[in-house]
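From a predicted model like this one, the values you see are computed outputs, not experimental measurements. All values below come from the heavy atoms of this structure, side chains included, with hydrogens, waters and symmetry mates left out.
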Amino acid sequence: MKLPPVAERLGRNRFIINEGNPHIVVNQAVAKATGTAERIIAVCPAHVYSLAEDGTVSVEFAACLECGTCFEVASEGALSWVYPEGGFGVQFRDG
Ligand code: SF4
């Protein structure tokens, strides 16, 4: 059986957004000083992170797939990452 493209499969997911209560917070100074900014931008499969014009890291936490990869590559103190509060976050719809 041939599976649909990954982008199409990910598009089936549902995201319940906890507006005003992000589960990801970047410490901009530490992220910049330690190279965490570049690493988290590079590894996130959902493109949650991007570099803003002012050099800070923007975070679109609503698109997070909760894989934890960014937390693994971040230097200590650069990133606060927890699972979204119960009832919020991604709901996987593939399979
Ligand atoms: S947990 Fe995964 S999907 Fe979410 S921001 Fe980190 S790397 Fe991206």
Are [Y] and [X] linked, directly or through intermediate hydrophobic residues, by side-chain heavy-atom contacts shorter than 4.5 Å (ILVMFWY only)?
{"X": "V43", "Y": "V25", "result": "no"}
{"X": "F61", "Y": "Y83", "result": "yes"}
{"X": "I40", "Y": "L51", "result": "yes"}
{"X": "F71", "Y": "V30", "result": "no"}

Mind checking whether [X] and [Y] have side chains closer than 4.5 Å, heavy atoms only?
{"X": "S50", "Y": "I41", "answer": "no"}
{"X": "V26", "Y": "W81", "answer": "no"}
{"X": "C64", "Y": "I24", "answer": "yes"}
{"X": "F88", "Y": "I17", "answer": "no"}
{"X": "E60", "Y": "P22", "answer": "no"}
{"X": "T36", "Y": "V73", "answer": "no"}

Could you tell me the separation between the [atom1] atom of [X] and the [atom2] atom of [Y], rounded to the nearest 0.5 Å?
{"X": "C70", "Y": "Y49", "atom1": "SG", "atom2": "OH", "answer": "3.0 Å"}
{"X": "K32", "Y": "T56", "atom1": "NZ", "atom2": "OG1", "answer": "9.0 Å"}
{"X": "Q91", "Y": "E66", "atom1": "CD", "atom2": "CD", "answer": "10.0 Å"}
{"X": "E8", "Y": "L3", "atom1": "CD", "atom2": "CG", "answer": "10.5 Å"}

[X] and [Y]: which non-hydrogen atoms are nearest, and at how many Å?
{"X": "P4", "Y": "R12", "answer": "CG-NH2, 3.4 Å"}
{"X": "F15", "Y": "A62", "answer": "CD2-O, 3.1 Å"}
{"X": "A63", "Y": "A46", "answer": "O-CB, 3.4 Å"}
{"X": "P84", "Y": "G89", "answer": "CG-CA, 3.8 Å"}

Give the intermediate values and the outcome of side chain to side chain contact (heavy atoms under 4.5 Å, CB included) for residues H23 and N18.
-> CA-CA 9 Å; H23 68 285; N18 193 354; over 6 Å; no

Side chains of S75 and R39: donor-acceptor distance under 3.5 Å anywhere?
-> yes

Have N21 and E85 got a donor and an acceptor in their side chains that come within less than 3.5 Å?
-> yes

V48 and V59: side chain to side chain contact (heavy atoms under 4.5 Å, CB included), yes or no, with the steps?
-> CA-CA 6 Å; V48 165; V59 184; 3.8 Å; yes

